[in-house]
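Have a look at the structure below, then the notes.
The chains referred to below are lettered A, B, ... by the order of the sequence lines, with proteins before strands, and numbering in each begins at 1.
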Protein chains: 2
Amino acid sequence: MAVPSSVSVAPTASPLFLREHEVRRGVELLFFGYTRLTRAIDDGLAEHGLGRAHHRALYFIARQPDLTISELLKILAITKQSLGRVLTDLAERELVETRTGEVDRRQKLLRLTAEGARFEAQLFDALRTSLASAYAAAGQESVTGFWRVLEGLIPAEDKAMVIALQKDI
Amino acid sequence: MAVPSSVSVAPTASPLFLREHEVRRGVELLFFGYTRLTRAIDDGLAEHGLGRAHHRALYFIARQPDLTISELLKILAITKQSLGRVLTDLAERELVETRTGEVDRRQKLLRLTAEGARFEAQLFDALRTSLASAYAAAGQESVTGFWRVLEGLIPAEDKAMVIALQKDI
DNA sequence: CTAGATACGTCAATATGGCTGTCCCATCTT
DNA sequence: AAGATGGGACAGCCATATTGACGTATCTAG
């Protein structure tokens, strides 16, 4: 896995982390990188008449089966009403199903159906293709740096949630 | 999805860039990092009755004064109509002004007013605070890696545009 | 056992930021 | 002079988010 640093638009980061130049560069790359990655799955979603909001729910349910509604609300940071519509759509298409919680019967535990898992895997494949090629072009050490910076962008109060998501992979 | 998921909790990226674990980690960190960064300026925008779409236009006009409408359309990748509404709002608030192009009189060259520049700088400050602390926590080498991976996410046909933005800093 | 908190659902109304399609004018290019 | 291009504007639609209020089932603490 060679590191093709000569192709990079950027030299290296300066030790002066407050320089406007470097902040703008991060803002722009985040904007373009994030929007381009999300666009990679729009076609797949549209085939089912779904949008990006549906994918976000699908994704996190795939990631953490038996997630409760309130946990998912915290992750997505949207309102109950917004999530409600999304989950209704997913349930109608039989991509997501709910069970009543055993420990706490007020809770609903969310899971993908077999069809939902197939669909999520298909969408994930498009994400994997994009990200894997970016990882490969940047090289292993860059990927680690990529993660570290992004972790630093997550506010302390959200960090536990993100770590919890990733601990049981 | 026949990817082995027996994964060490290694602090660095594995050389196997196609592993699901690492792709999901990137997807999630990008999601949380991007959304949390953008939320950092929502309050500042709301004070002027503006939204994120307005900020994106404001940002790129600040970045490249005398940008034309069609150049901005390419950057934002939205329709003329959507951008039109945004620019109307910004012009009404006297944050952005246009001049007729000198070389090509069909063009309109976009610029921030003095007030627009002040406002953009204020919003940028919030972004800088977030990003600078993430940069500092991650360290210089991580920042370079962060940029390299994000560059790899930008499709070839958009890359020239991003480089053009950053060349004259 | 009861009071209150919590998990979830649902109603109605509203805002934002995208989209398509069509048509128009001014200006540049050939 | 004809056609291409840059920009603006109309009408209508859709997706996704918001707030606030209210209802029901269930859990927990006094």
Would you kindly give the CG-to-P distance between A:Leu45 and D:dT16, to the nearest whole Å? 9 Å
Would the number of heavy atoms belonging to other residues, nucleotides or ligands and lying under 6.0 Å from CD of A:Glu94 be above 12? no
Should the pair B:Glu28-B:Arg24 be classified as a salt bridge under the 4.0 Å nitrogen-to-oxygen rule? no
Less than 4.5 Å apart, any side-chain heavy atom of B:Leu58 and any of B:Leu112? yes
For A:Phe124 and A:Phe119, I'd like to know if the aromatic rings sit close, meaning centre-to-centre distance below 6.0 Å. no
Could you tell me how far apart A:Asp42 (CG) and C:dC19 (P) are, to the nearest whole angstrom? 11 Å
Rounded distance (Å) that lies between atom P of C:dG18 and atom CG of B:Leu73: 12 Å
Is the shortest side-chain N/O distance from B:Thr79 to OP1 or OP2 of C:dC19 below 4.0 Å? yes
Please determine whether a side-chain nitrogen of the Lys or Arg among B:Arg105 and B:Glu102 lies less than 4.0 Å from a carboxylate oxygen of the Asp or Glu. no
In whole angstrom, give the distance that lies between atom NZ of A:Lys80 and atom P of D:dA17. 17 Å
Hey, is A:Lys74 close enough to A:Asp158 for a salt bridge, meaning N to O under 4.0 Å? no
Per the end-axis method with five pairs at each terminus, what is the bend angle of the helix from C:dC1-D:dG30 to C:dT30-D:dA1, to 10°? 30°
What I want to find out is whether A:Glu22 reaches B:Arg128 closely enough, with some N-O distance under 4.0 Å, to be called a salt bridge. no
Write down the distance between NZ (A:Lys74) and C1' (C:dT6), rounded to a whole number of angstrom. 11 Å
I'd like to know if A:Asp42 and A:Arg39 make a salt bridge, using a cut-off of under 4.0 Å between side-chain N and carboxylate O. no
Which whole-number value in Å describes the distance from B:Leu76 CG to C:dG17 P? 12 Å
Taken to the nearest whole Å, CZ/B:Arg52 to P/C:dG18 is 11 Å
Counting only N and O atoms by type, is there a donor-acceptor contact under 3.5 Å from the side chain of B:Thr88 to the main-chain atoms of B:Gly84? yes
Does anything in residues 82-91 of chain B come within less than 4.0 Å of DNA chain C? Heavy atoms only, and list the residues if so. B:Ser82, B:Arg85
What do the steps show when you test A:Phe32 against B:Leu153 for side-chain contact (heavy atoms from CB on, under 4.5 Å), and what is the final call? CA-CA 8 Å; A:Phe32 289 113; B:Leu153 280 176; over 6 Å; no
Strictly below 4.0 Å: does A:His54 bring a side-chain N or O up to OP1 or OP2 of D:dA15? no
Please work out which of the three classes, parallel, tilted or perpendicular, describes the rings of B:Phe31 and A:Phe60, given edges at 30° and 60°. tilted
Might you list the N or O atoms of the protein lying below 3.5 Å from N or O atoms in nucleotides 3-6 of chain D, with each pair's distance?
residue, atom, partner, partner atom, Å
D:dT5, O2, B:Arg106, NH1, 2.4

Ignoring hydrogens and angles, answer whether the base of D:dT18 and the side-chain atoms of A:Gln81 contain a donor-acceptor pair closer than 3.5 Å. no
How many whole angstroms separate atom CZ of B:Arg56 from atom P of C:dG17? 8 Å
